[in-house]
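Read the structure below first, then the notes.
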Amino acid sequence: MALIQMYKNIPQSSRPSHIYAVADAAYQALTGHNGKTPGNQCIIISGESGAGKTESTKLLIKQIVELCKGNTQLEQQILKVSPLLEAFGNAQTNLNDNSSRFGKYIQLKFNDGHLVGGKISEYLLEKSRLVGQGAGEQNFHIFYYLFGSDIHRKYLLSAPRHYKYLNSSKSTDLKSIQEQFETVTSAMDSVGFTDDEQENVFSIIASILHLGNITFTVQEDESVTVTEKTEALLMAARFLEVDSEDLKESLCYTFIQTKREKLRRNYTKEMAEDARDAMSKALYGRLFGWIVNKINCLLVPENQAANLEIGILDIFGFEDFTKDGGHNSFEQFCINLANEQLQYFFNRHVFFLEQEEYRKEGIAWTEIQCVDNKPLLDLFLGKPIGILSILDEENRFPGGTDQSFVNKLTQVMEGNENFLKSQQTNKPVFSINHYAGNVVYTCTNWLEKNRDTLPEDITTLLRSSSNLLIKTIFKAFISRTGSLALQGRYSRNHKVFQQTPIAMDTTANKLTVGTQFKNSLNILMERMTASSPIFIRCFKPNHEKLPERLEPEYLRNQLLYTGMLQTIEIRRRGFAVRPTFSQFIQKYKILSDYQMKETVDNCITILKKSFLSGWCIGESKVFLKFKHVEKLTQMLDERIKSVVHMQRVVRGFVQRGRYKKMKEKILAAKLEQEKIEAMKANILQGRYTELPPKSVATISKTDNRSVFEVVELQNAKSDESPDVEFLDDIPAPPTPPNSAKFGPADSKLSLKEWFRKTQIHNVRDNQKDKFQDWFHGIISRRDAEKLLANKLIGCFLIRVSESRFGYTLSFKAENRCRHYIIEQLKNRKFIIIGETKIHRSLHDLVSFYKKNKLSNWPNCLTVPCGQNSGECDYSDLIGSQTYFEMENTPPQVPPRSYTAKNNSSRINNTASHQLPATTRKLN
């Protein structure tokens, strides 16, 4: 925490370089501090696989949340998104134990410097890893986490080694994955997944493992059928909630519709296995897309108007598995293409555009050379002879194969210095000279991976599933960027819209994976171009994944091929800040003359008065280094402080003068009032025959007190603090959006309606058929403190808030009572704001904190604080359909019968006006 505080709102040169300093710079630029113009920012993190990009992303988000002083549930949700996506999208490889097998662009939305929402865009999930991994590698983390809890028994799972999709992996430490599974479920609770949604997710994960164990047997007629000995088919069908015979048929054969008849086409054993694997990949890919969609729906800002954003790109690092004895396939080709695109964006922004601007503005400049990888991008993306275009063309040929694709590629690319054909002409292999070095690609199953098709029979089967989640994700369509686009209704600003129906994606109109990836890269580049980029380079210290070991030669190679030496040179010699004359004058004119015009001479005047050197003036812009901006910002802050101080002095002087005049008027009015009273007395005695003017005489009628007393009381501050709820050092959360239908949160009628319709079951003790002993109605903080006044340390109650749709936990501490806000999440679970644990019910919350301490209090809750004898502070929350029964009455009062049935609103009690302490609702 001390390190976090060191990098909050600081000049860039005041601390050593750190990932937190980057977050601080982005936030300052977003909000317009430190001499920056407010605007969208994007942080681009790049580096080899295993260099630390994902960890850097989490640190950036953590620091940004700290900078915006966010401690509401929204910030906690955003922090929990990373471990959730890592569980479903990361895996262990030979290069990295927590390798991202997908790319993500995280957009953090801000309004007036406050975090108000977020959005995640995902790119190219490596679905092929699901059905097979290289030696020493693993499947996605979530498949192993499932075995870290007793939940795997619910889905009839035994041990990871018994499943085809996992048995090539290394042994897994079950103790460590148990903690990981708890982290994932906690993240799902925090983000907002309901229990039913979580159960559906894990059902799909289990069904995929069972699917992988389905084997096939060739029959005498050369058709295939599912091996009878295996129970995998029945278990897969059970958790997919489809008919087992229908599942069997869809995996063994398909139907071809002709003009006259419908023909059955039997699969070969290889085709049946491909259909099984395609089904598994489709299930997992669409499930992952649904998870991202769900997160985005839960994090969408309530008001998207004029929101600024900080985007963070965490994309798969450059990969070459041949160094570890493996091979590079279609996925590595796309991953390295994305890294080439980012390298080009970096070179263009840092070198080409900046140096071009120096030339246009007439700045004396010696060119700094860098490697231009634009020809390499043309090799990948060019039309009609780019590698991806040729791959799509080969997909359209009925007889196209991986070998024919490589042959055509070798013929077309002959003479291209970045493309090298294989010396073994009988193997589908080629190599490319990337910016990071030469990489050899093995084209096995490239055409099939590029098609990524799913037999229509399987799609139809899954759309008919009784599992709502499976039915939903297979009725959705795949967008032109490869992401899952859910059809039907969606929420925006609490209004419900109906999307225009779009035809389901079919084999005929479905885009290839390569085309989808190109489209997603184009959109990503547009987003980053529209923002101010900040680049982070992550370097890998060694190739063996060992701690505290630095290989100088390996690190030197990374510095060279990323162009970092040239980057350092251009940063040292160049001008990172380049405002126009108008922008510069508007920002810094207070340092010279607030009325000055926006001219180049005035820019020079400001710079000279600031005693700066080393700056340059161009044709239309001022060229500054970071040190200049920091010095100007420091002077600006000092000048603004001086202005504020002068304003405070002047305003104080003016207000004191006004107060003096007001006091003189009040004293004059008081003297006039005394004079009037004396005149009245004289008139009564017959000394005067005239009354004073009426306007003066009416002054005394405004109040029984004197005018001076009235004014003094109006201006005096009350010593009594308002009776409002508070949370120890934590701001109150916003009102839950789904509660708006009950009316304003500060209305008691609205709170009653909300409680009666949505909350009674949350505070009911089902075993005793009454409300929980710790529950209290709409009472104030002061009333709660009175109830707890003479109680033991840790005695607690939960009460309905007076000013929001929610609850407050109040308990007796050592020297005072403490109060904590309890928020109900969108998935109907509960959390104490400032804590991390999510609870399925208020009862679970109470049970947990009876055994575990709060983060900022060293004790646990002890005993509940019930109602005072013969009283009931929640009676006004009860509707007319509730039956009341007195169970706790004062010893001196004989027991009586209290009823409130049907539509009666009165309690039948002739001997006492006190309400019952507990209630029971009849079924």
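Between Phe143 and Ile205, some side-chain heavy-atom pair lies under the 4.5 Å cut-off. Two residues are said to be in side-chain contact when any heavy atoms from C-beta on lie closer than 4.5 Å; Ser128 and Phe330 fail this criterion. No side-chain heavy atom of Leu287 sits less than 4.5 Å from a side-chain heavy atom of Ile208. Annotation: side chain of Leu313 is not in contact with side chain of Ile43 (no heavy-atom distance under 4.5 Å). Leu84 places a side-chain heavy atom less than 4.5 Å from the side chain of Met188. Between Lys518 and Ser389, the closest side-chain pair of non-hydrogen atoms falls below 4.5 Å. Residues Tyr165 and Asp277 have side chains in contact (heavy-atom distance under 4.5 Å, counting atoms from C-beta outward).
Between His152 and Phe147, the two ring planes are tilted [angle within 30° to 60°]. Using bins of under 30°, 30° to 60° and over 60° for the plane-to-plane angle, the ring pair Tyr441/Phe430 lands in the tilted bin.
Under the 6.0 Å cut-off for aromatic ring centres, Tyr267 and Phe216 do not qualify, their centroids lying 6.0 Å or more apart. Between Phe239 and Tyr155, the ring center distance clears the sub-6.0 Å criterion. Within the 6.0 Å centre-distance limit, the rings of Phe140 and Tyr284 are counted as a close aromatic pair. Two rings, from Phe318 and Tyr435, have their centers less than 6.0 Å apart. Between Phe202 and Phe181, the distance separating the two ring centers is shorter than 6.0 angstrom.
Under the 3.5 Å distance criterion, with hydrogens and angles disregarded, no donor-acceptor pair is assigned to the side chains of Asn467 and Ser203. Residues Ser46 and Arg537 bring a donor and an acceptor atom of their side chains to less than 3.5 Å of each other. The closest side-chain donor-acceptor pair between Asn213 and His162, if any, does not fall under 3.5 angstrom. Of the N and O atoms on the side chains of Thr481 and Ser479, at least one donor lies less than 3.5 Å from an acceptor on the other residue.
A salt bridge between Asp314 and Lys104 is present, with a side-chain N of the basic residue lying under 4.0 Å from a carboxylate O of the acidic one. Between Glu241 and Lys471 no salt bridge is recorded (no basic side-chain N to carboxylate O distance below 4.0 Å).
Considering OG of Ser280 and CD1 of Ile214, their distance stands at 8.0 Å, rounded to 0.5 Å. For the atom pair Ile19 CD1 and Gln63 CD, the distance stands at 10.0 Å (nearest 0.5 Å).
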Evaluation steps, side-chain contact (heavy atoms from CB on, under 4.5 Å), between Asp320 and His434: CA-CA 11 Å; Asp320 183 6; His434 286 280; over 6 Å; no
Trace of the side-chain contact (heavy atoms from CB on, under 4.5 Å) decision for Phe321 with Glu137: CA-CA 11 Å; Phe321 288 137; Glu137 297 191 345; 4.0 Å; yes
side-chain contact (heavy atoms from CB on, under 4.5 Å) evaluation trace for Lys449 with Val513: CA-CA 7 Å; Lys449 290 179 179 180; Val513 172; over 6 Å; no
Evaluation steps, side-chain contact (heavy atoms from CB on, under 4.5 Å), between Asn98 and Glu55: CA-CA 10 Å; Asn98 187 34; Glu55 293 303 316; 4.2 Å; yes
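Test Phe316, Tyr123, Phe288 against Phe102 for ring pair (Phe, Tyr, Trp, His ring centres under 6.0 Å) and you get one pass: Phe288. Of the options Phe88, Phe193, Phe474, a ring pair (Phe, Tyr, Trp, His ring centres under 6.0 Å) to Trp290 is made by Phe193 and by none of the others. When each of Glu319, Glu86, Glu122 is tested with Arg101 by the rule salt bridge (charged side-chain N to carboxylate O under 4.0 Å, His left out), just one qualifies, namely Glu319.
Annotation: side chain to side chain donor-acceptor pair (under 3.5 Å) contacts of Thr529 (sequence neighbours excluded): none. For Gln516, there are no side chain to side chain donor-acceptor pair (under 3.5 Å) partners, not counting sequence neighbours.
More than 12 heavy atoms of other residues, nucleotides or ligands lie within 6.0 Å of NZ in Lys58, so this atom counts as buried by the packing criterion.
Within the structure, salt bridge (charged side-chain N to carboxylate O under 4.0 Å, His left out) pairs that include any residue of residues 184-194 comprise Asp189-Lys829, Asp189-Arg840 (at least two apart or interchain).
When every heavy atom of Cys538 is checked against every heavy atom of Ser56, the shortest pair comes out as SG-OG, 3.7 Å.
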